[in-house]
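Counting begins at 1 with the first residue of the sequence. All figures in this text were calculated on a predicted structure; none of them were measured in a lab.
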Amino acid sequence: MSHPLGAIAQLGERLDRTQEVAGSSPASSMHNMAKLIYSAIASLDGYVADANGNFDWAAPDDEVHSFINDLERPVGTYLYGRRMYETMTAWETDTALAERSDIARDFAQIWKAADKIVYSKTLGTAPTARTRIERDFDPAAIRSAKAAAGSDLSVGGPTLAAAALKAGLVDECHLFVAPIVVGGGTRSLPDDVRVELELLTERRFAGGMVHLHYRVAN
């Protein structure tokens, strides 16, 4: 949303139509430095949205949404591009969204408690608290933030995640595979980067979705 993962996938761009995903996504710490985590909900053929821009097919059910909430809970900072950020702001600005269920209310609280960094050359002001706008995506600044952070960071949206992957910044990926083939659209992962991954955990959900948790192999 990915969203979640999020995403989600990505963990994320699906707020006003159905339930939600957050994109984004933490896990166990293997070292002292905070991790940068990419989470996404994608089709079996690897798309977070289809050729028409639709992603309602990726909306998580309660079991998946609750699982995503637990992944997102340790995240201290979300990194977003403008489009993903504007999608996710509803978790703070639309009170009706959080009141849909206890699970939605839980995620709204998780999201509002975290810091947000929005990378945009055009966004003037941010309508949410704990939010700052950066004009340029600076890998060195993110490395410094990871070294200084007391909790993990999450990158939301495939475009920003692609830049982070190419810069070697991503430490872990949470990929939620939906039981559908959409045939084209927005890819969850970039075409022009090679990253070796180590599978840490996997989980099957009753609705047919599968969660794959990978660590980037350095």
Side-chain angles (χ1 to χ4, degrees), residues 1-16 18-30 32-41 59-60 62-120 123 125-134 137 141-142 144-157 160-161 164 169-174 176 211 213:
M1 184 22 114
S2 68
H3 90 85
L5 86 309
I8 196 226
Q10 209 311 308
L11 278 116
E13 295 182 345
R14 68 183 49 87
L15 289 172
D16 293 327
T18 68
Q19 284 184 323
E20 186 40 37
V21 155
S24 26
S25 7
S28 55
S29 294
M30 293 293 192
N32 292 328
M33 182 181 292
K35 299 184 296 291
L36 179 63
I37 301 164
Y38 172 48
S39 297
I41 292 180
D62 284 352
E63 182 188 19
V64 175
H65 200 165
S66 180
F67 182 82
I68 289 171
N69 285 4
D70 288 338
L71 289 179
E72 297 291 323
R73 211 175 303 280
V75 171
T77 304
Y78 291 110
L79 310 182
Y80 293 126
R82 176 171 182 167
R83 183 178 176 184
M84 179 63 77
Y85 169 70
E86 289 179 337
T87 299
M88 297 298 291
T89 56
W91 287 109
E92 184 166 330
T93 61
D94 182 359
T95 56
L97 181 64
E99 295 307 313
R100 290 180 180 178
S101 68
D102 290 342
I103 295 171
R105 187 179 304 110
D106 183 31
F107 180 73
Q109 293 171 349
I110 292 167
W111 195 81
K112 288 188 288 186
D115 295 326
K116 297 93 181 168
I117 302 175
V118 185
Y119 295 91
S120 173
L123 186 64
T125 59
T128 57
R130 304 179 68 110
T131 305
R132 81 171 191 263
I133 300 169
E134 296 285 350
F137 181 78
I142 296 175
S144 297
K146 287 170 61 178
S151 54
D152 291 335
L153 297 82
S154 173
V155 56
L160 193 62
L169 295 169
V170 175
D171 301 291
E172 294 185 2
C173 297
H174 288 278
F176 292 82
H211 168 247
H213 177 198

Side chain to side chain, Y78 and I117, heavy atoms closer than 4.5 Å:
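A side-chain contact is absent here, since even the closest heavy-atom pair is not under 4.5 Å.
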Salt bridge (charged side-chain N to carboxylate O under 4.0 Å, His left out) with R82: which residues, sequence neighbours excluded?
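So R82 forms a salt bridge (charged side-chain N to carboxylate O under 4.0 Å, His left out) with E86.
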Would you please say whether a donor-acceptor pair under 3.5 Å links the side chains of S120 and Y80?
no
Where [X] and [Y] come nearest, the two heavy atoms and their spacing:
X	Y	result
P74	D70	CD-O, 3.5 Å
A126	I133	N-CD1, 4.1 Å
K146	M33	O-CG, 3.3 Å
L160	G81	CD2-N, 3.7 Å
T89	P127	CG2-CG, 4.2 Å
S151	G76	OG-CA, 3.2 Å

Determine yes or no for a side-chain-to-main-chain donor-acceptor pair under 3.5 angstrom, with [X] supplying the side chain and [Y] the backbone.
X	Y	value
K116	W111	yes
E172	Y38	no
D152	A34	no
S144	I142	no
S66	D62	no

Measure the [atom1]-[atom2] distance between [X] and [Y] for me, rounded to the nearest 0.5 Å.
X	Y	atom1	atom2	result
Y85	L123	OH	CG	6.5 Å
Q109	N69	CD	CG	10.0 Å
E63	I68	CD	CD1	11.0 Å
L36	D171	CG	CG	6.0 Å

Chi angles and distances behind the side chain to side chain contact (heavy atoms under 4.5 Å, CB included) call for F107, H65:
CA-CA 9 Å; F107 180 73; H65 200 165; 4.0 Å; yes
Run the numbers on V170 and I37 for side chain to side chain contact (heavy atoms under 4.5 Å, CB included), then give the verdict.
CA-CA 6 Å; V170 175; I37 301 164; over 6 Å; no
Ring centers of H211, F67 separated by less than 6.0 Å:
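Yes, they do, as the ring centres are separated by less than 6.0 Å.
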Listed partners of T77 passing side-chain hydrogen bond (donor to acceptor under 3.5 Å, both in side chains), at least two apart
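Listed in chain order: nothing, the list is empty.
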Sequence neighbours excluded, which residues qualify as side-chain hydrogen bond (donor to acceptor under 3.5 Å, both in side chains) partners of E134?
R132
